[in-house]
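Atom set for the values below is all heavy atoms of this structure, side chains included, hydrogens, waters and symmetry mates excluded.
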There are 4 protein chains.
Amino acid sequence: MSAHAISPSIGTQLHGRYRAVRAATERLTEHLSEADCVVQSMTDASPVKWHLAHTTWFFETFILEKAVPDYQPVNPAFRFLFNSYYNGIGDKHPRPERGLITRPDLAQVRSYRAQIDERIGQAWLHGHLSSPQLLSLLEIGLNHEQQHQELILTDFKHLLSKNPLQPTYRAHWPLVPVAQRREQWLHYDGGLVQIGHRGDDFAFDNESPAHRVFLEPFELAAYPATNGEYLAFIDDGGYQRPELWLSLGWDAVHARAWRAPLYWSQQDGQWRVFTLHGPMPLDPSAPVCHLSYFEADAFARWSNAVLPTEAQWEHAAQRALASAAHGNFADNNLLHPVAAQHERPLNAPAQLFGDVWEWTRSSYDAYPGFTPAPGLVGEYNGKFMAGQYVLRGGSCATPAGHVRASYRNFFPPDARWQFSGVRLTR
Amino acid sequence: MSAHAISPSIGTQLHGRYRAVRAATERLTEHLSEADCVVQSMTDASPVKWHLAHTTWFFETFILEKAVPDYQPVNPAFRFLFNSYYNGIGDKHPRPERGLITRPDLAQVRSYRAQIDERIGQAWLHGHLSSPQLLSLLEIGLNHEQQHQELILTDFKHLLSKNPLQPTYRAHWPLVPVAQRREQWLHYDGGLVQIGHRGDDFAFDNESPAHRVFLEPFELAAYPATNGEYLAFIDDGGYQRPELWLSLGWDAVHARAWRAPLYWSQQDGQWRVFTLHGPMPLDPSAPVCHLSYFEADAFARWSNAVLPTEAQWEHAAQRALASAAHGNFADNNLLHPVAAQHERPLNAPAQLFGDVWEWTRSSYDAYPGFTPAPGLVGEYNGKFMAGQYVLRGGSCATPAGHVRASYRNFFPPDARWQFSGVRLTR
Amino acid sequence: MSAHAISPSIGTQLHGRYRAVRAATERLTEHLSEADCVVQSMTDASPVKWHLAHTTWFFETFILEKAVPDYQPVNPAFRFLFNSYYNGIGDKHPRPERGLITRPDLAQVRSYRAQIDERIGQAWLHGHLSSPQLLSLLEIGLNHEQQHQELILTDFKHLLSKNPLQPTYRAHWPLVPVAQRREQWLHYDGGLVQIGHRGDDFAFDNESPAHRVFLEPFELAAYPATNGEYLAFIDDGGYQRPELWLSLGWDAVHARAWRAPLYWSQQDGQWRVFTLHGPMPLDPSAPVCHLSYFEADAFARWSNAVLPTEAQWEHAAQRALASAAHGNFADNNLLHPVAAQHERPLNAPAQLFGDVWEWTRSSYDAYPGFTPAPGLVGEYNGKFMAGQYVLRGGSCATPAGHVRASYRNFFPPDARWQFSGVRLTR
Amino acid sequence: MSAHAISPSIGTQLHGRYRAVRAATERLTEHLSEADCVVQSMTDASPVKWHLAHTTWFFETFILEKAVPDYQPVNPAFRFLFNSYYNGIGDKHPRPERGLITRPDLAQVRSYRAQIDERIGQAWLHGHLSSPQLLSLLEIGLNHEQQHQELILTDFKHLLSKNPLQPTYRAHWPLVPVAQRREQWLHYDGGLVQIGHRGDDFAFDNESPAHRVFLEPFELAAYPATNGEYLAFIDDGGYQRPELWLSLGWDAVHARAWRAPLYWSQQDGQWRVFTLHGPMPLDPSAPVCHLSYFEADAFARWSNAVLPTEAQWEHAAQRALASAAHGNFADNNLLHPVAAQHERPLNAPAQLFGDVWEWTRSSYDAYPGFTPAPGLVGEYNGKFMAGQYVLRGGSCATPAGHVRASYRNFFPPDARWQFSGVRLTR
């Protein structure tokens, strides 16, 4: 969270945004069953019910407990049960056991959400939320909830994919294939550029401070790489040639028997992908996704290219005057990356935002002069700055309005269950 | 399954029993939520929903598919999804992933149960179930379902125990403490005795053939060991003294940090046990349970005694003219072992049946001349004859009428989630 | 060790035997290098140097420390370093780290052996070893050292097998192939028989007490199964057919990718076996060895037979008036099982002793009335009575004179690095 | 390897250097026993014998095979046996099994070294080594062997530390304690600086290309952190306070029960460290070493400081006109970090080179425009660019003359067995 002043009118806007974000979470999950919401399919993922409760716990623990005099918790056990990783808050329920909590049931968790929403409304009315610090925390809470909206989709997709019946999250599939695009590269002069968050808008602490970085001249691909291009890598023996891989990547290929991106399968010689709409034929023009960093890196090496640094990516986004407002985000309801049609050469990169998160070659690290947000919420970002890589731009599962040019997402290099793709540079 | 003739009237009785056993399963689970039924708490355990479906799958696969001409399965995917371990049936869904199946949902599984019950009824009406072989398989299916009734209780107890809120299966707790019993031993002359199943009643294949075994004279404890006696073992440093333990047991004590039986915990110096009715104070007079074989064996060594062989146990049960009909079984609805009141010395062992399964020192192995049941159902018992120990007598979670003197239950020596206790011999 | 009186003249004989057994250990290892002796190839195995030191430690710890007034240890650190598993002696060096001890070096360990031999000789001279209890312990020590002589060979064979250069322990290979034998079965009436150790000779505590067992009539194979017979099992898809395997065995086949016995490999369509003389072509007439219990059991099932119980095996050995004195033992220096030539039908089983240890279907358990040897040496056998199966008869790596009809060896069912084979019964 | 021209006179110098480097390896190991040289103490480490053979294999495989017409290998099996990780060369012996190779014995490996030295000499005489490409590879080979000289020391130290007898590599201990130094910080203006290798000297490929980096102003500690300073971190609960640790670091603290740097132990309240000279009392003035990245990072956070980036470190080294020629390197024979005496404030950082490798906060990644060395040797560095952090400056176990200001060493963040320490920045 960067320190920025919040005016009273922003406070009112914030309450409106609070209701909107909370309602969006409900819409994402209202058609899921009790069973759909309780199960945890792997340690990396969490149950939908846990996401519903944990985002609520965030508002109760970091805001209501501080803001409201003599605050009585909705249920004291929830403080322990729905803490994710904040050691400063006290003990927490072990992450791999989140799926064992059949009680409280889904109705109780929905009721917990409603009660906290009610209490936030009351706190607003009684002027308990007027301090800049609390408004700031509220803004973090909303951005936090948006992050979990995306995780609800990706975690639930993983759960469905483990069911041999291959069920769907939503049955319709409105996607249309588009014409294959020609490769195109855009040139950048580089030089001493500035990256990181500036201005008064909300941003997470890890986007600050803005600072100068020197870039050599470079070229960036106009589009994210497509399924068709990635298929050529596979067909050229990409998964069998050690010289294309980082050493740890080659280990992962063997240990996990990777032969294609996550959710791809071959049936009678045809590639199919598992989507939130169920299994679909592979669209060669759509951006490839569900790649690990290792696969993105090997594909880049095979392409005689490299992954962009996060500074290159952000510089290109600034130059494009790109706004996160446009792009294939979760609000589109496609929930899968698609290729937009383009008839002539581009003079700015397409699809920088939305569709797929783009792996950069930058390890997730602190910016020079970084200081974590003050207070308990300071555990939010900084302590994860080891062993992960930065991704940029948001995906088809990201809420619209959530990301920006300076936004830094991060995952370990072997993670594949996010909508993660690749854009080349050279 | 031992080969025994089944008369027409027995056929009718069987159908009545079919309805009764199936209904008992419903009664056990009807108050559980969708979430309660879908989660798997460890690889050894299965979700309640899976138990409901798998027992039904057994009747469909082993009986209806064979009995009914041109049989169309309720859902072809279930053949794969609800197969437990029968390699002869084809591929099966991996055991550790049973908890990931949120769909079909609970209503669909209950409907699967109803449809199969209806089809079994129709098959009966049309005379498709009259062959002795099919009636035999049906009888196996009912006994199989009773075994899963017990597992529903023990697996669900394990799931609840992993919830920090310590919820209950049923809230009431009608148990009353009883007076401490004095130790008493009963003498047996031994000699050449016969064990194993005889007669026309149903028995599993592993109880046959009946055969002779030579027993030296021995003494058997009149009661299963109590919590109070086991507490004395703990207080005497039982879990800290390697000389009391088998080598593998001592490894387990360290690797899993065992300090007491499963579900025991200490709070402010008082021992409490987690039960299907929630957490309760420890009753020193009740039979100790949730012991591993290793703990039972160490307790016996500490007591200057040993565990009985299964032949000793069965001989004592024959001599007592003991019937499984009486005892604290699941139908009592206590769902926890209790001590019956006795005022004077016994001349036959008490509580041989019900309350707790009693570990014997006999490895689970084939009787001399053993042949598995014919056909695919032959995978039922024989292939598990390695690495497990025999338990005898049934527990408070076993359906009444399910066990008998020759009945052989079996679990690995480190299993603790069954209602498993110990009776000493010397 | 069974309690038996030891006369003074037996004392003198014992000292002679002491020198002979200790010298035999030296002969086995004198041509090995410092490197050969220090490395540990897996947790189950130990370095040769450790075997040399540990057997010496046994005499120092259990005999000299007790027998000699004011005894000063050769090196106080050895008490910890060379303790195998005796918790009663105190802390011990972790088993998986036995191969990390490059110092003391081999010369120091040989010197340790010489010093203890010298001290034992002095203790004899000064009459410190005259008590029956100490003589008994000495006898255990000698039998213990013989067991380690066998382990030196099997552990070292395993180490050599992990070297891609396939080196040899001894280069010569005097073995001659023999004619294939016809299958032959010998009949036994069974009845009430007695097994276990009787008489005044030395035996381990686990062979006692002698006791009666009832046996149904049975037939025993005249020969251990051969490589040729086992090859027919492999060629018939033995390792691909789940119905032939115990459930745990089938898991092991998959987890460890077993396709043949340990040390078999296929080159240009020909089977070869790695022996202590290096790699050799497979001899179809020689007894099959390096089988796990699971493989022996599956082979028996495929042969429509079973493994003998240990009581059946011992009864057959008694009836044959078989003595362990004859057989292909380590003193033959062949160090590999071979088939003896027989021209006509046998009236007693051949090769009961020597060549290969024969898996029985008996779990390793205490005999009725078993009590461990008194004192610290009581940890010798009893605490391993879980999770293992009994093998009988000794092997080509067992010192002559070490085994007898009542001798019980034991290993876990997945162990394959001993010379373990199979003889069928039905 | 950076591309640089090599003149004939440099060729002659190179041969002299070849003999010197090879002889240095012999001197390091000549007093070790066959057992000392064969054992592998963990997967990360290799046996001394393997280091001796592998460095020789490098010259044979990458130089002699290419340079000498009709080259016949000394032993064809060595190509497989002593390949470390070059997939381009073909199959390789598994790393965790390097310690199982008791044959060839140490004498054979020493003879292999001598034969390759002889063949290199002959190749020189016959003019087979005159091409710039081969001379370049030879130079890589020498730098490669120096890297293994350091690993011989650190791997062997780890092996000795696992021996409860705590033996020594060399017994003497000439180190003298020095006065405690006062904390001092040196200021740098930063700006657009150039890092990476320039000039004609040898450097590894990962040091190129030289490129510009923008640095904000910063301060660097005049000394590496000392044992005394680290002790204050420990005494202040450093290992018990999650807020000081990266999330993965906190996991490692728990999983491995870290309470102090590697090789520290507490006896009667006094800290001792295990060194190559055996166990020694902790010297509070000497640089702390055997830290993981996680420990270095937590210590920095506790100190209200951070680790330097590798660009900051290299810039400071350039500014100090620092040469690697001076410092406590392996040729000093101290083989442990020591603190040099300083009487007044410094105007340049002390001990940048030698004593301890200094963790930087820079992930090990490719410089912009990086291209791996051509040919098979291209696997040398690039493929390890994931999951590791850069260390700078060399240690007391590094050969003098091996490192330089642009030299990049790299290890995973949990590695502790190198002489790795920490210098703070802020």
Side-chain angles (χ1 to χ4, degrees), chain C residues 29 31-43 45 47-50 52-53 74-83 90-110 112 155-169 171 278, chain D residues 29 31-43 45 47-50 52-53 74-83 90-110 112 155-169 171 278:
Chain C
T29 60
H31 65 297
L32 302 184
S33 77
E34 173 99 35
D36 284 340
C37 292
V38 74
V39 173
Q40 178 176 35
S41 63
M42 61 172 171
T43 299
V48 169
K49 188 170 78 181
W50 186 89
L52 293 174
V74 171
N75 185 329
F78 291 179
R79 196 172 216 269
F80 164 84
L81 213 50
F82 300 125
N83 181 0
D91 284 346
K92 55 188 185 294
H93 189 236
R95 180 179 185 120
E97 300 187 4
R98 286 179 186 167
L100 303 182
I101 305 303
T102 64
R103 312 177 192 180
D105 65 17
L106 185 56
Q108 287 172 286
V109 165
R110 292 207 191 280
Y112 177 42
D155 291 0
F156 190 61
K157 180 174 181 178
H158 185 264
L159 170 60
L160 291 182
S161 80
K162 300 297 286 179
N163 188 325
L165 306 185
Q166 300 269 287
T168 65
Y169 168 74
Chain D
T29 59
H31 65 298
L32 302 183
S33 76
E34 173 99 36
D36 284 341
C37 292
V38 72
V39 172
Q40 179 175 35
S41 64
M42 62 172 170
T43 299
V48 169
K49 189 169 79 179
W50 187 90
L52 294 174
V74 171
N75 184 328
F78 292 179
R79 196 173 215 270
F80 163 85
L81 212 50
F82 300 126
N83 181 0
D91 284 345
K92 56 191 184 294
H93 189 237
R95 182 179 185 119
E97 299 187 4
R98 286 180 185 165
L100 303 182
I101 305 303
T102 64
R103 311 175 191 181
D105 64 18
L106 185 56
Q108 286 171 286
V109 165
R110 292 207 190 279
Y112 176 42
D155 291 359
F156 190 61
K157 180 173 180 177
H158 185 265
L159 170 60
L160 291 183
S161 80
K162 301 297 286 180
N163 188 325
L165 305 185
Q166 300 270 288
T168 66
Y169 168 74

Checklist entry - Where does D:Ile101 contact chain C at under 4.5 Å (heavy atoms): side chain, backbone, both or neither? => result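 Contact with chain C: backbone and side chain both.
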Item to check | Segment of D:Leu165 engaging chain C (4.5 angstrom heavy-atom cut-off) | outcome: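 Only the side chain of D:Leu165 comes within 4.5 Å of chain C.
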Checklist entry - Taking side chain as C-beta onward, heavy atoms only, is D:Arg103 less than 4.5 Å from C:Asn163? => result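 Yes, their side chains come closer than 4.5 Å.
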Checklist entry - Quick check: are there more than 12 heavy atoms from other residues, nucleotides or ligands sitting under 6.0 Å from NZ of C:Lys92? => result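 More than 12 within 6.0 Å, yes.
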Checklist entry - Heavy-atom distance under 4.5 Å to chain D: side chain of C:Leu106, backbone, both or neither? => result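 Nothing of C:Leu106, per the 4.5 Å heavy-atom cut-off to chain D.
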Next on the checklist: Testing the basics here: between C:Lys162 and D:His93, what is the closest heavy-atom pair and its distance to 0.1 Å?
Outcome noted: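 Heavy-atom minimum between the residues: O-NE2, 4.2 Å.
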Item to check | CG on D:Leu32 to OG1 on C:Thr102, rounded to 0.5 Å | outcome: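 So the gap between those two atoms works out to 9.0 Å.
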Checklist entry - Of all of D:Asp105, D:Asp36, D:Val39, which one pairs up most often with chain C through heavy atoms under 4.5 Å apart? => result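 The answer is D:Asp36.
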Item to check | Heavy-atom pairs under 4.5 Å with chain C, option from D:Leu100, D:Leu81, D:Val38 with the top count | outcome: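 Option with the greatest count: D:Leu100.
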